[in-house]
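Each ligand, and each atom within it, is numbered from 1 in the order the structure gives. Computed from a prediction, not measured in an experiment: that's the story for all the values here.
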Amino acid sequence: MASTKSNLQIDSTRLWNAIHETAKFGATPKGGVRRLTLGAEDKQVRDWFRDACEAAGCEVSVDALGTMFAVRRGRDMSKLPIAIGSHLDTQPTGGKFDGVLGTLAALEAIRAMNDAGIETEAPICICNWTNEEGSRFAPAMMASAAYAGDYTSEDILSRKDADGVTVASALDTIGYRGAEPVGARKFSAFVELHIEQGPLLEAEEKIIGVVERGQGIIWYNGTISGFASHAGTTPMPLRRDALAAFSEVVLAVETIAKNHGPHAVGTIGEVTIDNSSRNVVAGDLKFSAEFRSPEAATMDKLHAALQAAIADIASRRKVTINLEQIWRKEPTVFDPQIVGTVEGATKQLGYAYRRITSGAGHDACNLASVMPAAMIFVPCKDGVSHNELEDATQADCTAGANVLLHTTLALAGVVSALKTNS
Ligand code: HGY
Ligand code: MN
Ligand code: MN
């Protein structure tokens, strides 16, 4: 098997240009990206991605949930492909790098292999997983969760957004509801490059994060029913104020997470007051909540503490609070062998690195339950993500893509390399 010299590098400018070219699809005035899954902007970037993969000699197919697979042939097509990639959908006020870096770095790795005339033993498959963000349709990492068998395709296709649009009809609208059954396509491993979305690498001046684990996540949908009444005539002691009760729930989630630190986190990111009016005591509202922790046992404690807090708030305030757990993703332990391959590629390339746990959820966390998987992190500015200020440097993105390239070559095996960058 031929070896590739560690000086084989991706084309940094080409990757950087691709990242900024795709940022046009859903560009926001503040320099971010709003590209909700299965919307018009997602179709634009999907079309761009398909054309780019085909131009790089890949065969592109789409599964029943719209996930895109671009296969570069290997010498032995009987071998399962090495899968690399991430997602191209973003948060409503997302950035240019979350998901995009990993997907376009996978494309760039293929382009670099083409430039170097590299033939690999096993095929390689770039993946663009549908709806990683979970913002428009729950849960997050939706398509990779279905691929891993956590949900049926029928269940996911029936999921609705806030306007009542189903996943199925959104896929049909953008023309990305493929015929391929979800999970039919098998891989021998999956590796995902992603920005850290946290502050550690930047603070420690590390270029690469070799990701060993991922936090567990619990998602809830909640409702609070009090009693709508006149803001001017309802005495304070007689109120059954859903919004005041909700404010205690928000602080309870924050306090519970702080009490189970140092790694546990808790967030309430959404609330909708039914028929809100400035001079009506709120009667009914809906909200979402989530907890995360690297330990399953801590997740159980977070869950129990929230149940107790909810019961206390409801009885004191004479409101009804319903909390439905809609998703629980157990903590991820990535495959030690693949993690070692990532670490080996990082050392070979000479980048400063540390091992790290992912605070964010990723498609690789779902795939890790059905195949060997691992992740590569690079820093993002001030650790900021899920914000239009999200930013990363070209040098760090290039380093991450080089580690992805060499990890992929190590896993796929190199049959021949016509030339490497001298
Ligand atoms: O929620 C997450 O951790 C991911 O960014 N969707
Ligand atoms: Mn992401
Ligand atoms: Mn994200």
task = Show your reasoning for whether side chain to side chain contact (heavy atoms under 4.5 Å, CB included) applies to Glu132 and Ser86.
result = CA-CA 8 Å; Glu132 189 281 340; Ser86 188; 5.9 Å; no
note = Residue shell for ligand 1, any heavy atom closer than 4.0 Å, reads Glu132, Glu133, Arg292, Ala360, Gly361, His386
ask   = Okay, side chain of Thr67, backbone of Asp63: is any donor-acceptor separation there less than 3.5 Å?
value = no
message = Please check this pair: side chain of Arg159 against backbone of Ala138, looking for a donor-acceptor N/O pair closer than 3.5 Å.
response = yes
inquiry  = His362 and ring-ring contact (aromatic ring centres under 6.0 Å, His included): which single residue from Phe334, Phe190, Phe377, Trp129 fits?
reply    = Phe377
query = Can we call the ring centroids of Phe97 and Trp16 under 6.0 Å apart?
reply = yes
message = I'd like to verify the contacts: list protein N, O or S atoms under a distance of 2.8 Å from the Mn ion (ligand 2).
response = His87 NE2, Asp98 OD1, His194 NE2
Parallel, tilted or perpendicular, as decided by the 30° and 60° cut-offs, for the rings of Phe246 and Phe287 = tilted
task = Run through Met141, Met371, Met142 and flag the one making a side-chain contact (heavy atoms from CB on, under 4.5 Å) with Tyr147.
result = Met371
query = Side chains of Phe187 and Leu80: does their closest heavy-atom pair fall under 4.5 Å?
reply = no
query = Asp396 and Ile195: side chain to side chain contact (heavy atoms under 4.5 Å, CB included), yes or no, with the steps?
reply = CA-CA 9 Å; Asp396 289 346; Ile195 51 171; over 6 Å; no
